[in-house]
Protein chains: 4
Amino acid sequence: MHPLARFRRGHLHLTRLEAFSDAVFAIVVTLLVLELKLPPLKDHASVSELAHQLVEIAPKFLGWLISFIIVCKFWLNHHHVLNLASHADYGLAWLNSLFLMGQSFIPFPTAMMGEYPTNPLAVSIFGVVFAVNTLLFIALQRYIVRNLIKPELASAQDPHALIKAMVGPASYLVGAAAAWVSVHAALVIYLLTPLFYITPPEWHGKMQPGADAKKP
Amino acid sequence: MHPLARFRRGHLHLTRLEAFSDAVFAIVVTLLVLELKLPPLKDHASVSELAHQLVEIAPKFLGWLISFIIVCKFWLNHHHVLNLASHADYGLAWLNSLFLMGQSFIPFPTAMMGEYPTNPLAVSIFGVVFAVNTLLFIALQRYIVRNLIKPELASAQDPHALIKAMVGPASYLVGAAAAWVSVHAALVIYLLTPLFYITPPEWHGKMQPGADAKKP
Amino acid sequence: MHPLARFRRGHLHLTRLEAFSDAVFAIVVTLLVLELKLPPLKDHASVSELAHQLVEIAPKFLGWLISFIIVCKFWLNHHHVLNLASHADYGLAWLNSLFLMGQSFIPFPTAMMGEYPTNPLAVSIFGVVFAVNTLLFIALQRYIVRNLIKPELASAQDPHALIKAMVGPASYLVGAAAAWVSVHAALVIYLLTPLFYITPPEWHGKMQPGADAKKP
Amino acid sequence: MHPLARFRRGHLHLTRLEAFSDAVFAIVVTLLVLELKLPPLKDHASVSELAHQLVEIAPKFLGWLISFIIVCKFWLNHHHVLNLASHADYGLAWLNSLFLMGQSFIPFPTAMMGEYPTNPLAVSIFGVVFAVNTLLFIALQRYIVRNLIKPELASAQDPHALIKAMVGPASYLVGAAAAWVSVHAALVIYLLTPLFYITPPEWHGKMQPGADAKKP
């Protein structure tokens, strides 16, 4: 038996896979706010000191915003891609777990970049983490398209899908490289990249319509 | 093609949108408790010192209470509004994500106001954040009513709904302005505002009855 | 119109009420572990120093254990009680939110008691919080039994249910009083109380059987 | 009546048991990232200082990785085992709660081992906690197989399942013992153990096929 054959076994409920994933996505985006911490004020009632501290932590707000948007983008595309699968096997369960591991890691580089926005290494790692996350998502997507796609969608694959998908990781890596020249340029690239993927690609086949869009 | 037309595509499961939203709501209300931190006691066994410290952090309890009630109110109205939609498209998914971004931000101003209850800026920002959250919710609601409403409800729209809805943000902004005169007045306004929205508005049409009120 | 009549309106999906509640229960029990913090070791590799610190925070482990068991007990009874309801109205949604507010507060007294286990006030508040939580649960239960019970269960109400239910809050309050004499006695009472409610009361009617015990 | 008979009563929705469990799993894996904390940098913009600190906390990344993989492995096997049950009773609800208590505890030994990777006690406790977790899972599994198994699967039980299952706890305990000789050996054992259970055992009977793999 092929050593990877065991992963092709299993017949999991897509609903539990989605429930587990949705909870991880939701916790990741909500934990991000915990990093928005103010340094203690000397004069608790001082408006100017508080305003000054809020401006000081502006990079944290920006990191929070970028990460929130990107995780929501992943959520939307994840929803789209799982819809293509007829069922889940152990291979999909593990690729999904690795993808969620990448998602759950996001608060770390977000906090690091928010804390040290002038440090090229911190800003660069932020982009590398999103590139890796996008690659994990592409692996998940390829696995579904190759092994688990609903029969009625099988003929509708876009032959250029992989190349198009690689624009995302490439763009994040360009941002990560740009960080060593200008952290501001890197942030602009990080902010613009998700906009290319803000809606999932159109699938050139017949998607199942709204029959299942509402729980009965 | 209109640049926004891509958002009108997509046919998402409302159930996953709800699951993601419910998890974010649940995490937000539960994370609020993490800000209720006691300063360390000098004498661990001293009843009077502990009682004193509990009284000292009373503003944190009040902030926790107000934010908890308001997020629950948003949850209830969110449930009501998603029930009006026949399905979800990408536009709804993103408006919902922006709304959840606002919700997930709530622990930050809550902590800030709990920490610096005498600081007009901190108390004022608290109200502005809730005004923005209510505006995001109104945008979500308008989008559903305009684009995604169930056909059988389409004729039942209240022409004054938008004006009535604006009472919420206006009231929070009045509180935010009042904070510069009296933080106590602001807190009273913040506490009273959600009471106006404690139940969703009656919909002047035929709602689908309990057929789907219980999972089969 | 009666001022409370608006709460009798609404026809919510019990599934979303359950999803929101389940997420809050899950987050509460999981957040409890964040309070299990070791003080920093002077010698990182010292076995005896680490062993000593683990023994020092033993009260935190005990608090974690008690709170975990009690929240799981609430979860089980909550599941049981919502099963009695034919649907949810706004009154149930708000009583449920107040109940969840009580649940989400639990990490605070748990941390306080774990930090100051010799302080009678800290140990006493722990019991009062659980008494209040049980009262909120009883209110939820009474509301369902009076207003929302499934017609086929209506004749099966136990006339002594309320008196039996009051044993829980009374027992927690006895523990809270005992804390002023002996914190150890209080802890024993807190640990024993949930055992009386470890399974929901038998309902003297015909419950719907396993037809809906598994999602189709 | 047998004192344990009350646990055989009850007819819970497996879906709510799953929803509660999925949320706990998801929160546990996502909270792990909160322990990945950098010590403050002296020079915020220094690349070499940040790189040095990231290398310093490498054991925390390793602990995070091991714990994440193991919890995902538990999630997958939990999904598999609950699929064998025809319904849930109170006994299953409580065994599941105890199992989730073990899961929710995982961030504590993970943080301790990440903080003190050279301390044999810290590394050893990490393995003991996973051994206990596996034993709790085996108890859950045995309870389902003995009491709640779907009739069509009852004849398909592997008589050696218990012995095979015990390899897991034994392996973690070997790792826990090895920690007293070499913490590196222990870590290798912890990393390899879940690989034996990376897919649930094949069930020698007819599983229900994909009919329920997708919510209708």
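Here is how names work: the chains are called A, B, and so on, in the same order as the sequence lines, proteins then strands, and each is numbered from 1.
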Could you look at [X] and say if it's the side chain, the backbone, both or neither that has a heavy atom under 4.5 Å from chain A?
{"X": "D:Leu34", "answer": "side chain"}
{"X": "D:Ala19", "answer": "neither"}
{"X": "D:Ile27", "answer": "both"}

What are the two closest heavy atoms between [X] and [Y], and how far apart are they?
{"X": "D:Leu76", "Y": "A:Ala93", "result": "CD1-CB, 3.7 Å"}
{"X": "D:Leu36", "Y": "A:Phe108", "result": "O-CD1, 3.0 Å"}
{"X": "D:Pro40", "Y": "A:Tyr116", "result": "CA-OH, 3.5 Å"}
{"X": "A:Trp94", "Y": "D:Ile69", "result": "CH2-O, 3.6 Å"}
{"X": "A:Arg16", "Y": "D:His79", "result": "NH1-CA, 3.1 Å"}
{"X": "A:Thr118", "Y": "D:Ala45", "result": "OG1-CB, 3.8 Å"}

Parallel, tilted or perpendicular: which fits the ring planes of A:Phe20 and D:Phe25, with parallel below 30° and perpendicular above 60°? perpendicular
What I'd like to find out is whether the side chain of [X] reaches to under 4.5 Å of the side chain of [Y], using heavy atoms alone.
{"X": "A:Ser104", "Y": "D:Val29", "result": "no"}
{"X": "A:Met101", "Y": "D:Leu65", "result": "yes"}
{"X": "D:Leu38", "Y": "A:Glu115", "result": "no"}
{"X": "A:Ile125", "Y": "D:Leu54", "result": "yes"}

Could you tell me whether A:Phe105 and D:Phe68 have their ring centroids closer than 6.0 angstrom? no
Please flag which part of A:Ala122 lies under 4.5 Å from any non-hydrogen atom of chain D: side chain, backbone, both or neither. both
Using modelled atom types only, decide if a donor and an acceptor are shared between the side chain of A:Asn119 and the backbone of D:Ser46 within a distance under 3.5 Å. yes
A:Met112 side, atom CE; D:Gln53 side, atom CD - distance, nearest 0.5 Å: 11.5 Å
Return the CG to SG distance between A:Leu100 and D:Cys72, rounded to the nearest 0.5 Å. 7.0 Å
Top of D:Lys37, D:Glu49, D:Lys73 for chain A proximity - count of heavy-atom pairs under 4.5 angstrom: D:Lys73
Taking atom NE2 of A:His184 as the centre, does the number of heavy atoms from other residues, nucleotides or ligands within less than 6.0 Å exceed 12? no
